[in-house]
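Numbers here simply count residues along the sequence, with the first being 1. Numbering of ligands and ligand atoms starts at 1, following listing order.
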Amino acid sequence: MQAFEANFDGLVGPTHNYAGLSHGNVASTGNAHGLANPKEAALQGLAKMKALADMGFKQGVLAPHARPDTQALRKLGFAGNDAAVLARAAKEAPAILAAVSSASPMWTANAATVSPSADTHDGRVHFTPANLNNKFHRSLEHEQTGRLLKAMFADENRFAHHAALPAQMHFGDEGAANHTRFCGDYGARGVEFFVYGRAAFAAGAPGPSRYPARQTLEASEAIARLHGLAPECVVYARQNADAIDAGVFHNDVIAVGNGHVSFHHELAFADQAAVLAELSAKLAAQGVAFEAVEVPADEVSLEDAVHSYLFNSQLLRRSDGRMLLVVPEECRVNPRVSAYLDRLLASGGPIAEVRVFDLKQSMQNGGGPACLRLRVALTEAEAAAVNPAVWMDDALYARLTGWVGRHYRDRLSAADLADPALLAESQQALDELTGILSLGSVYPFQR
Ligand SMILES: N=C(N)NCCC[C@H](NC(=O)CCC(=O)O)C(=O)O
């Protein structure tokens, strides 16, 4: 059966702001307390979704979460009505208020790990929401993510939904940002590639020293078990600790793969040659000829990779079988990265086209094109079972841009997070959105 890869992008929520919440993510900490523009952020994301849909790629939308998360504040002892809860948190714990207000669910590469039906033991598509345990603001996401995924992929005969892994550092899980699926045809069995920062149960296991390793080996292994993946179709690799310490907080800041192609930096993985050899051998056993496009450090340094987000690009297989690379504008601003892209296109390799997008609002929090999307490979029958209201087309684009225009602010600072009107505006917007996307009552304030 015909199969393809769909991208589900996170719609940026109305509270998008710069709070410097992510130690180890140099864009987040570097832009802390800047003035954000939620309206522009959401429109930039929608423009990318629409452009890819117009190019013929299957594109869906994942809704934002309800923020500020007043439930989380109540669990921490802030009591009273919503306005009182916000006022007390703003006065006594502004850092906590900022954390529960983050629009971080926009980065749906961290929403879940997804295994297509061709890879799993029961022939269903498996989803495990990521516990995002390394950062408090992100650890608030997985329950709502699970509810949204169930509202979009509801058919239990085709889709299996797991709970997030135990919320504990031993099982730190960052979802698809540390997971790549290589394959020939999207509907044929592929090789799932899990990249972790450190093994958690082995005392003294190697890992970064300056910044945290967010993903553990044990989390990756648990997901492979839950999804029923065959060991001969799984490869585990450890991130290069020096790369994490240079700001590569997720593997998707240093590598991206799709189909039979990997596009990665020379310093992405520990024991890189062995990792690539294992990928190549396991793909060859599935009849797939693996192709690696490796970028040397003397052409693009780790620092340039982190600042330009060259590898946080989307690698998309066009209908002619060649690859399109969707990069953020910052890659053309950096002269060394831009020159590299020109050489890449001239090289005659598998990447035939580069498209540039302005995603500055998200980029300033460390979220590039690849962070903003969750990939789900689907057969046509599975795609037909997806909630049809979430697929991007001209009509949905018009409705969503109109909705953003009506509900979103064009400036938001840390001080605004305490404004009870922002909470009310956000709830009103999301209430309307659940109608547009036919999601049902998925938000706590609707229950
Ligand atoms: N690489 C991928 N797949 N995703 C990028 C996630 C960026 C996100 N930034 C933030 O959460 C910053 C929020 C703030 O500081 O306001 C993070 O660090 O988890």
Side-chain angles (χ1 to χ4, degrees), residues 7-10 12-13 15-38 41 45 62 64-65 67-69 94-114 130-142 145 172-180 195 197 211-215 239 243-244 247-257 268 305-315 326 328 330 359-375 412-414 416-417:
N7 285 282
F8 291 87
D9 277 46
V12 178
T15 61
H16 161 65
N17 74 98
Y18 300 117
L21 300 173
S22 284
H23 175 62
N25 167 348
V26 293
S28 154
T29 46
N31 291 306
H33 312 305
L35 191 64
N37 184 336
L62 250 162
H65 295 193
R67 297 285 182 271
D69 186 340
I96 295 176
L97 176 61
V100 306
S101 302
S102 177
S104 58
M106 72 170 86
W107 299 298
T108 54
N110 307 117
T113 306
V114 185
N131 62 24
L132 299 173
N133 194 59
N134 194 260
K135 302 278 178 262
F136 170 64
H137 68 292
R138 303 223 60 184
S139 73
L140 304 172
E141 295 177 28
H142 63 86
T145 296
D173 175 24
E174 299 286 318
N178 282 50
H179 172 259
T180 307
V195 183
Y211 290 142
R214 293 200 197 184
Q215 178 90 26
Q239 280 175 279
I244 297 179
V248 179
F249 57 98
H250 287 138
N251 178 59
D252 69 7
V253 177
I254 198 81
V256 59
V306 168
H307 289 281
S308 68
Y309 261 37
L310 170 62
F311 298 95
N312 200 260
S313 46
Q314 285 179 260
L315 190 62
V326 167
E330 285 72 1
L359 296 164
K360 193 153 185 279
Q361 286 289 326
S362 168
M363 283 288 288
Q364 290 181 158
N365 254 338
C371 300
L372 287 161
R373 58 92 175 103
L374 180 68
R375 294 188 281 184
L412 202 68
S413 68
D416 297 322
L417 301 176

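With a 4.5 Å cut-off on side-chain heavy atoms, L417 and L412 count as touching. Taking 4.5 Å as the limit, some side-chain heavy atom of W107 sits within range of a side-chain heavy atom of N365. Q215 places none of its side-chain heavy atoms less than 4.5 Å from the side chain of F249. Taking 4.5 Å as the limit, every side-chain heavy atom of L372 sits out of range of all side-chain heavy atoms of Q314.
Inclusion of W107 in the set of residues having an N or O under 3.5 Å from an N or O of ligand 1 is not warranted. Of the polar atoms of S28, at least one N or O is found under 3.5 Å from an N or O of ligand 1, judged by distance alone. In terms of polar-atom proximity, defined here as any N/O pair under 3.5 Å, Y309 makes no such contact with ligand 1.
Judged by distance alone, with hydrogens and angles left aside, the side-chain atoms of S102 form no donor-acceptor pair with the main-chain N or O of A99 at under 3.5 Å. Put simply, the side chain of N17 never gets that close to the backbone of S413: no donor and acceptor are under 3.5 Å apart. Judged by distance alone, with hydrogens and angles left aside, the side-chain atoms of T108 form a donor-acceptor pair with the main-chain N or O of L374 at under 3.5 Å. In this structure a side-chain-to-backbone donor-acceptor pair under 3.5 Å is present from N178 to V195.
For atom 17 (C) of ligand 1, the closest non-hydrogen atom on the protein side is S22 OG, 3.4 Å. Nearest non-hydrogen protein atom to atom 14 (C) of ligand 1 is N365 OD1, 3.2 Å. Looking at atom 3 (N) of ligand 1, its nearest protein heavy atom turns out to be D252 OD2, 2.7 Å. The protein non-hydrogen atom at the shortest distance from atom 2 (C) of ligand 1 is C371 SG, 2.8 Å.
By the 4.0 Å heavy-atom criterion, N17 is counted among the residues contacting ligand 1. Not a single heavy atom of K135 sits less than 4.0 Å from an atom of ligand 1. Residue-ligand proximity: R214 is placed with a non-hydrogen atom under 4.0 Å from ligand 1. Within the 4.0 Å heavy-atom shell around ligand 1 one finds H137.
Distances below 4.0 Å separate heavy atoms of N25 from the following atoms of ligand 1: 7 (C), 8 (C), 9 (N), 17 (C), 18 (O). Listed by atom number, the atoms of ligand 1 under 4.0 Å from G366 heavy atoms are 5 (C), 7 (C). The A177 neighbourhood of ligand 1 comprises atoms 3 (N), with distances under 4.0 Å to a heavy atom of that residue. The H250 neighbourhood of ligand 1 comprises atoms 1 (N), 2 (C), 3 (N), 4 (N), with distances under 4.0 Å to a heavy atom of that residue. Ligand-side atoms of ligand 1 in range of A109: 3 (N), range being under 4.0 angstrom from any heavy atom. Close contacts of ligand 1 with G20, meaning ligand atoms under 4.0 Å from a residue heavy atom, involve 14 (C), 15 (O), 16 (O). With ligand atoms numbered from 1 in the order given, ligand 1 contributes 2 (C), 3 (N), 4 (N), 5 (C), 6 (C) to contacts under 4.0 Å with heavy atoms of N110.
Between S28 and S22 the shortest heavy-atom distance is OG-N, 3.1 Å. Shown here for D173 and N131, the closest heavy-atom pair between the two residues is N-OD1, 3.0 Å.
Separation of the H307 and Y309 ring centroids does not fall under the 6.0 Å cut-off.
Contacts with ligand 1 closer than 4.0 Å are made by heavy atoms of both the backbone and the side chain of A19. Looking at L21 against ligand 1, both its backbone and its side chain come within 4.0 Å, counting heavy atoms. Counting heavy atoms under 4.0 Å from ligand 1, residue R138 touches it through the side chain alone. With a 4.0 Å heavy-atom cut-off, ligand 1 is reached by no atom of M363.
Tested against E174, the residues H179, K135, R138, H250 include a single side chain to side chain donor-acceptor pair (under 3.5 Å) partner, H250.
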task: For side chain to side chain contact (heavy atoms under 4.5 Å, CB included), just list the numbers for T145 and H65, CA-CA rounded to whole Å, side-chain angles, deciding distance to a tenth of an Å, and then say yes or no.
output: CA-CA 8 Å; T145 296; H65 295 193; 3.2 Å; yes
